[in-house]
Amino acid sequence: ISSSPEQLCQFEETPLFVAVLTYVGYGILTIFGYLRDFLRNWGIEKCHLARERDEQKDFVPLYQDFENFYTRNLYMRIRDNWNRPICSVPGAKMDLVERTSKDYNWTFEHTGKVVKDVINMGSYNYLGFAENTGRCADSATGSTHKYGVGVGSTRSEMGNLDIHEELEQLVARFLGVESSMAFGMGFATNSMNIPALAGKGCLILSDELNHASLVLGARLSGATIRVFKHNNMVSLEKLLRDAIVHGQPRTHRPWKKILILVEGIYSMEGSIVRLPEVIALKKHYKAYLYLDEAHSIGALGPRGGGVVDYFGLDPKDVDIMMGTFTKSFGAAGGYIGGKRELIDYLRSHSHSSIYATAMSPPVSQQIITSMKIIMGEDDTTLGEFTQQLSENTVYFRRKLREMGFIIYGNDDSPVVPMMLYMPAKIGAFGREMVKRNIGTVVVGFPATPIIESRARFCVSAAHTRDMLDTVSHRSETHTCTRHA
């Protein structure tokens, strides 16, 4: 790559005027929230919250009322933008079930109508494999006829099928590592395997924007956790240097192990990890590197091999290569790849390996077929789908920037955050886009900083130029209307 991700990533600071208006907006919502709580407390307004029974009023509170303030007074006002039920394959287009609420989003009723052909800009269907027809669907159907849907056992007991062995061998070959193992749940791949790799006396250095599964896994491990600034190599090196110089607190003994946790593509920022620099630091300070490629595997690199392929690096330089099958492969579950000794260790020490039910056979087959297509082993050209995704990504990002939108992230990232800032725009933008037959994700506090609310588009190889033009133009129309 000719230019570094630091140059390609753009994170324009929130304009001061916009930041002030955003804080004022949240302030007004907070004041009205306290007013509503007052009215509910005196029975003037109906309370829809979970509460203790009257006979339990002297008990220690089961529900932390103040901690739920944001949920009941702010989130509920725009809750209709999330958890929308769909009734079709979540491909390039999808069908939404129409619903209404008569109590300000506390409950919903289905109208019986369906909103057809909504352009899907919210699913992580990066390569377009989330379909119910075609080679992947046909192979998954054949696998269902042969093996059934469920295994009913763990891999270590009676649930280890030949299709699982084939999948793991294929994943290892795809990643360019010695061995790999697959898991039935992507979230558990992180949260259950990190505790098997680190423990008391170990140090975990985690990017401040890491996914919740990485954060949970680090906490469950019992290791000491220190957080470095997002994609900031100066911050990471300072923590590494301090860890080497000072060692463990109080005893100052050397850390048993230092593990760096990073992601390939950060799903809320659209940024790509500065992997060459991370690898250089981990080698210099003799640390280990855990790379989560949930959003980058299949979506980056000339071969679709993820961020390692994107930078043209050696997979052996990454100690633990983790990823999921839920996005680019249109399936479910996750994997870990690395040295054979590492995988053999995890097979006998990972809770998600020992106690979890084996992956469903049709899901395994979906992954095998889609991975072979990506690799060009199934009458396709190597990198064909990845190239289409890359072209769509660059085109869509350029169109939004030409229209004057503030876009975060890397130019090659299919995750495209478009900044909204103000709380009122979160709900308004999501609703107006659905009216225009476009389904997207709107995100606000606490998932983002309070002044950095955004809409997040996920580009797919299945999207046509006409679809992307429609999304960008209708986004511009709605935003201009709101500003006017």
Inset, instruction - Would you kindly say whether Tyr408 and Glu12 are connected by a side-chain donor-acceptor distance under 3.5 Å? - result: no

Inset, instruction - Flag this pair as yes if the NZ/CZ of Arg465 is under 6.0 angstrom from the six-membered ring centre of Tyr395 and inside a 45 degree cone about the axis; otherwise no. - result: yes

Inset, instruction - Answer yes or no: is there a side-chain heavy-atom contact under 4.5 Å between Phe129 and Ile373? - result: yes

Inset, instruction - Indicate yes or no for a side-chain donor-acceptor contact from Ser453 to the backbone of Ile426 under 3.5 Å, with no hydrogens or angles considered. - result: no

Inset, instruction - For Arg401 and Phe396, indicate whether the former's side chain and the latter's backbone hold a donor-acceptor pair under 3.5 Å. - result: no

Legend entry - Side-chain heavy atoms of Glu269 within contact of Ser413, under 4.5 Å: no

Inset, instruction - Provide the full list of side chain to side chain donor-acceptor pair (under 3.5 Å) pairs with a residue in residues 292-303, sequence neighbours left out, each pair given once. - result: Tyr126-His295, Asn190-Asp292, Glu293-Ser296

Inset, instruction - Using the salt bridge (Lys or Arg N to Asp or Glu O under 4.0 Å) rule, collect all pairs that involve residues 106-133, keeping only residues at least two apart or in two chains. - result: Asp95-Lys116, Lys102-Glu109

Legend entry - Sub-4.5 Å side-chain heavy-atom contact between Leu300 and Leu389: no

Legend entry - Stepwise salt bridge (charged side-chain N to carboxylate O under 4.0 Å, His left out) test for Lys282 and Asp319: CA-CA 10 Å; Lys282 82 104 181 175; Asp319 302 288; 3.0 Å; yes

Inset, instruction - Answer with yes or no whether the side chains of Glu391 and Gln387 bring together a donor and an acceptor at under 3.5 Å. - result: yes

Inset, instruction - Please assess Asp412 against Tyr310 for the test side chain to side chain donor-acceptor pair (under 3.5 Å), listing each intermediate value before the final yes or no. - result: CA-CA 10 Å; Asp412 294 320; Tyr310 176 72; 2.7 Å; yes

Legend entry - Exceeds 12 heavy-atom contacts within 6.0 angstrom, atom CZ of Arg77: no

Inset, instruction - May I ask you to test the Met121-Met467 pair for a side-chain heavy-atom distance under 4.5 Å? - result: no

Inset, instruction - State, yes or no, whether a side-chain contact exists between Val471 and Phe457 at a heavy-atom distance under 4.5 Å. - result: yes

Inset, instruction - Compare all side-chain heavy atoms of Asn73 with those of Thr30 and state whether any distance is below 4.5 angstrom. - result: no

Legend entry - Output field: ring centroids Phe325/Tyr335 closer than 6.0 Å: yes

Inset, instruction - Show the numbers, then the answer: is there a side-chain contact (heavy atoms from CB on, under 4.5 Å) between Ser472 and Met403? - result: CA-CA 8 Å; Ser472 56; Met403 293 175 179; 3.6 Å; yes

Inset, instruction - Over all heavy atoms of both residues, which pair between Ser460 and Gly128 is shortest? Give the atoms and the distance, please. - result: OG-N, 3.7 Å

Legend entry - N/O donor-acceptor pair under 3.5 Å between Trp106 side chain and Ser101 backbone: no

Legend entry - Main-chain N/O of Gly112 paired to His110 side chain as donor or acceptor, under 3.5 Å: no

Legend entry - Taking every non-hydrogen atom, the tightest pair across Val434 and Leu96: CG1-CD1, 4.2 Å

Inset, instruction - Evaluate whether atom CD of Glu402 has more than 12 neighbouring non-hydrogen atoms of other residues, nucleotides or ligands under 6.0 angstrom away. - result: yes

Inset, instruction - Verify, without hydrogens or angle tests, whether Glu208 (side chain) and His230 (backbone) share a donor-acceptor contact under 3.5 angstrom. - result: yes

Inset, instruction - Spell out, as yes or no, whether a donor-acceptor pair under 3.5 Å connects the side chain of Arg173 to the backbone of Gln169. - result: no

Inset, instruction - Indicate yes or no for a side-chain donor-acceptor contact from Tyr75 to the backbone of Arg72 under 3.5 Å, with no hydrogens or angles considered. - result: no

Inset, instruction - Answer yes if the side chains of Thr369 and Gln365 hold a donor-acceptor pair under 3.5 Å, and no otherwise. - result: yes

Inset, instruction - Measure across Ile451 and Tyr421 and return the closest heavy-atom pair with its distance rounded to 0.1 Å. - result: O-CD2, 3.0 Å

Inset, instruction - List the atom of Gly33, the atom of Phe69, and the distance in Å for their closest heavy-atom pair. - result: C-CE1, 3.7 Å

Inset, instruction - Applying side-chain contact (heavy atoms from CB on, under 4.5 Å), run through Glu263 and His211 and close with a yes or a no. - result: CA-CA 8 Å; Glu263 294 185 48; His211 189 262; 3.4 Å; yes

Inset, instruction - Report yes if some heavy atom in the side chain of Phe108 is under 4.5 Å from a heavy atom in the side chain of Asn83; otherwise report no. - result: no

Legend entry - Side chain Arg226, main chain Leu205, donor-acceptor under 3.5 Å: no

Legend entry - N/O donor-acceptor pair under 3.5 Å between Thr107 side chain and Asp103 backbone: no

Inset, instruction - State, to 0.1 Å, how close Asn125 and Gly91 come at their nearest heavy-atom pair, and which atoms those are. - result: ND2-CA, 3.8 Å

Taking distance alone, no hydrogens or angles, what donor-acceptor pairs closer than 3.5 Å link side-chain atoms of residues 20-27 to residues at least two apart or in another chain?
residue : atom : partner : partner atom : Å
Thr22   : OG1  : Val18   : O            : 2.7

Inset, instruction - Decide whether Ser123 and Asn120 meet the rule of one side-chain donor and one side-chain acceptor closer than 3.5 Å. - result: yes

Inset, instruction - Would you mind reporting whether Ile194 and Leu261 have side-chain heavy atoms less than 4.5 Å apart? - result: yes

Legend entry - Stepwise side-chain contact (heavy atoms from CB on, under 4.5 Å) check, Met76 with Tyr104: CA-CA 7 Å; Met76 279 297 171; Tyr104 304 100; over 6 Å; no

Legend entry - Shortest non-hydrogen separation from Leu291 to Val307 and the atoms involved: CD2-CG1, 3.6 Å

Inset, instruction - Please check if the side chain of Ser370 supplies one atom and the backbone of Ile367 the other of a donor-acceptor pair under 3.5 Å. - result: yes

Legend entry - Steps toward side chain to side chain donor-acceptor pair (under 3.5 Å) verdict (Glu98, Thr111): CA-CA 6 Å; Glu98 189 179 74; Thr111 64; 2.8 Å; yes

